Amino acid sequence: MNFTEFGFDARLMEGIDASGYEEATPVQEQVIPLVMAGKDVIASAQTGTGKTAAFLLPLINKIITDPHEDHTNNALVIVPTRELAIQIAQHMEGLSYFTSVSSIAVYGGGDGGAFVQEKKALSHGADVVICTPGKMMAHIKMGYVKLSGLKYLILDEADRMLDMGFYDDIMFIINHLPKKRQNLLFSATMPHKIRELARKILHEPAEVNISISKPNERIKQEAFVVYDTQKIPLVKYLLQKNNFKSVLIFCSSKISVKQLTRDLRRARVLADEIHSDLEQDKREEVLMQFKSRRLPVLVATDILSRGIDIDNIDLVINYDVPHDGEDYVHRIGRTARAAAEGTAITFISEKEQRKFQRIEQLLGKEVHKEKIPEQFGEGPEYRKAHHTHQSGQGHSRSRLMS
Ligand code: AMP
């Protein structure tokens, strides 16, 4: 789903573009319309799903477009750790860069200067306050925090906050907020105590569940960091070098499925294709050939990534990085079914590196990067993304401290 479909303000769209987001992730697709409609939401979503932007984007949009009191803190985002507070504040700054929405991160461990700056912002009123519970409670106790006009409360990583013993601090803060407000709660897991907390603070919440199953342990996962032009020679090489009997190659578009199948056939690889342009009869015939192992290599779009039951596929190649973690797990789950072993290899082009890092975040581990065989030349470097916002004509009056 494209971000244009949410009806966001043009200034926010600029921030989305500058952050390099092209399509909404599943949690964003589900959560954003609910928040825009004013609903309370409880969502189970882990880090790596894009959950931060799922609440920041509609929040920024609402602050830009809905009338609100000027000298009050408008939204409170409560998070378990200072690291997360800083990370969310950086996201916030990037996304709101072209707007006049202000934000401040309030967390423990800073020096006296930080405290003074926090006090000033909280008593004047920031649009979005991103805070850890203990530090926020300390400020509220001093009496200067403007909360009378607060309209939005977000609890992020709520399960972790309860595990860290923040229940009382959170309730203390909430008891100082206006009763009429919109509440969002995000949590990686949904144990009973989270449901209890939700019952206390959310009002008729909509529920969103983005839980992804972890891939099967028996799948050997590898990746190659490549230039686009290295992909086809590398596929041919992998197919020729190993004696795989049954190989499924995923491409994200019909065009690349067709192109790759053509190239493989030219290289005398017995390959066929499956995608939505084919008649149902033809699809079934190709699938039968592949299942019966008369056809060793099948190139497919994601129509084949879910629910299709084919045993004994020894290798899955992601010719390009799937859209999100869910698709990745489904695609590679086509191999190592039943008791079998299997390998999944992903090609990561330069522009797909961030997308793959998101998937790795979701998997909770890094996938091993294989070295490209020498004859294909050097591949690009795998650069770890750290969130930066582009320089430009921004006029954010953000008071973000980092
Ligand atoms: P989160 O799950 O919120 O911690 O986000 C994980 C990473 O995904 C962050 O680096 C975000 O900048 C990035 N991200 C979030 N939404 C998108 C999107 N729609 N497209 C690309 N990257 C995204």
Side-chain angles (χ1 to χ4, degrees), residues 1-8 12-33 35-36 41 43-61 75 77-97 103 105 128 130 154-161 184-189 208-212 214 252 320-329 348-367 382-390 400 402:
M1 187 169 176
N2 197 289
F3 283 104
T4 49
E5 293 172 51
F6 296 117
F8 287 144
L12 178 55
M13 285 305 292
E14 270 193 83
I16 295 172
D17 281 348
S19 298
Y21 299 176
E22 282 167 10
E23 275 189 68
T25 66
V27 71
Q28 291 161 0
E29 223 173 285
Q30 292 192 43
V31 168
I32 292 172
V35 182
M36 298 277 270
V41 177
S44 68
Q46 301 146 277
T47 302
T49 53
K51 67 184 169 66
T52 314
F55 61 79
L56 286 184
L57 291 172
L59 186 63
I60 298 167
N61 197 72
V77 181
I78 311 183
V79 305
T81 62
R82 56 184 290 185
E83 288 72 25
L84 189 59
I86 294 168
Q87 191 185 306
I88 294 177
Q90 285 171 343
H91 257 88
M92 176 72 204
E93 205 185 15
L95 294 171
S96 66
Y97 193 66
S103 61
V128 180
I130 301 146
I154 294 116
L155 300 182
D156 193 18
E157 303 204 353
D159 49 354
R160 240 173 115 196
M161 291 206 276
L184 315 176
L185 184 150
F186 289 79
S187 189
T189 58
V208 170
N209 188 348
I210 306 285
S211 50
I212 81 148
K214 294 273 174 190
S252 291
D320 40 35
V321 175
H323 175 49
D324 53 61
E326 191 87 27
D327 281 349
Y328 178 80
V329 173
I348 310 164
S349 70
E350 278 181 297
K351 60 177 188 310
E352 293 172 320
Q353 293 196 6
R354 273 186 67 180
K355 210 183 339 174
F356 196 69
Q357 278 161 28
R358 233 169 1 106
I359 291 172
E360 288 183 315
Q361 238 179 355
L362 203 66
L363 297 172
K365 67 168 197 173
E366 282 193 25
V367 173
Y382 193 59
R383 285 185 303 270
K384 288 277 167 60
H386 42 85
H387 199 87
T388 51
H389 71 267
Q390 268 78 354
L400 172 72
S402 50

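In this chain, residues are counted from 1 in sequence order. The figures that follow rest on heavy atoms only: side chains count, while hydrogens, waters and symmetry mates do not. Since we're looking at a predicted model, the values are computed, not measured. Order of listing sets the numbers, starting from 1, for every ligand and every atom in it.
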**Message:** Out of Gln361, Gln357, Arg358, who is nearest to atom 22 (N) of ligand 1 when you count heavy atoms only?
**Reply:** Arg358
**Asked** Is there a heavy atom of His91 sitting under 4.0 angstrom from any atom of ligand 1?
**Response** yes
**Request:** Could you pull out, from Met1, Glu23, Gln28, the option with a heavy atom nearest to atom 16 (N) of ligand 1?
**Result:** Gln28
**Fill in**
The atoms of ligand 1 lying under 4.0 Å from a heavy atom of Phe3, numbered in the order shown, are 19 (N)
**Asked** Is a side-chain N or O of Gln353 found less than 3.5 angstrom from the main chain of Lys384, in a donor-acceptor match?
**Response** no
**Message:** If the cut-off is 4.0 Å to any non-hydrogen atom of Thr52, which atoms of ligand 1 fall inside it?
**Reply:** 1 (P), 3 (O), 4 (O)
**Donor-acceptor contact present, side-chain Asp327 to main-chain Pro322, <3.5 Å** = no
**Message:** Using heavy-atom distances only, which candidate in Gly50, Gly325, Pro26, Ala54 approaches atom 1 (P) of ligand 1 most closely?
**Reply:** Gly50
**Prompt:** Would Arg354 count as a contact of ligand 1 if the rule is a heavy atom under 4.0 Å away?
**Reply:** yes
**Side-chain touch Glu23/Met1, heavy atoms, less than 4.5 angstrom** = no
**Glu22, any N or O under 3.5 Å of ligand 1 N or O** = no
**Message:** Any non-hydrogen side-chain atom of Asp156 less than 4.5 Å from a side-chain atom of Ile88?
**Reply:** yes
**Asked** Any side-chain heavy-atom pair from Asp324 and Pro26 closer than 4.5 angstrom?
**Response** yes
**Mutual orientation of the aromatic rings belonging to Phe356 and Tyr382 [parallel < 30°, tilted 30-60°, perpendicular > 60°]** = perpendicular
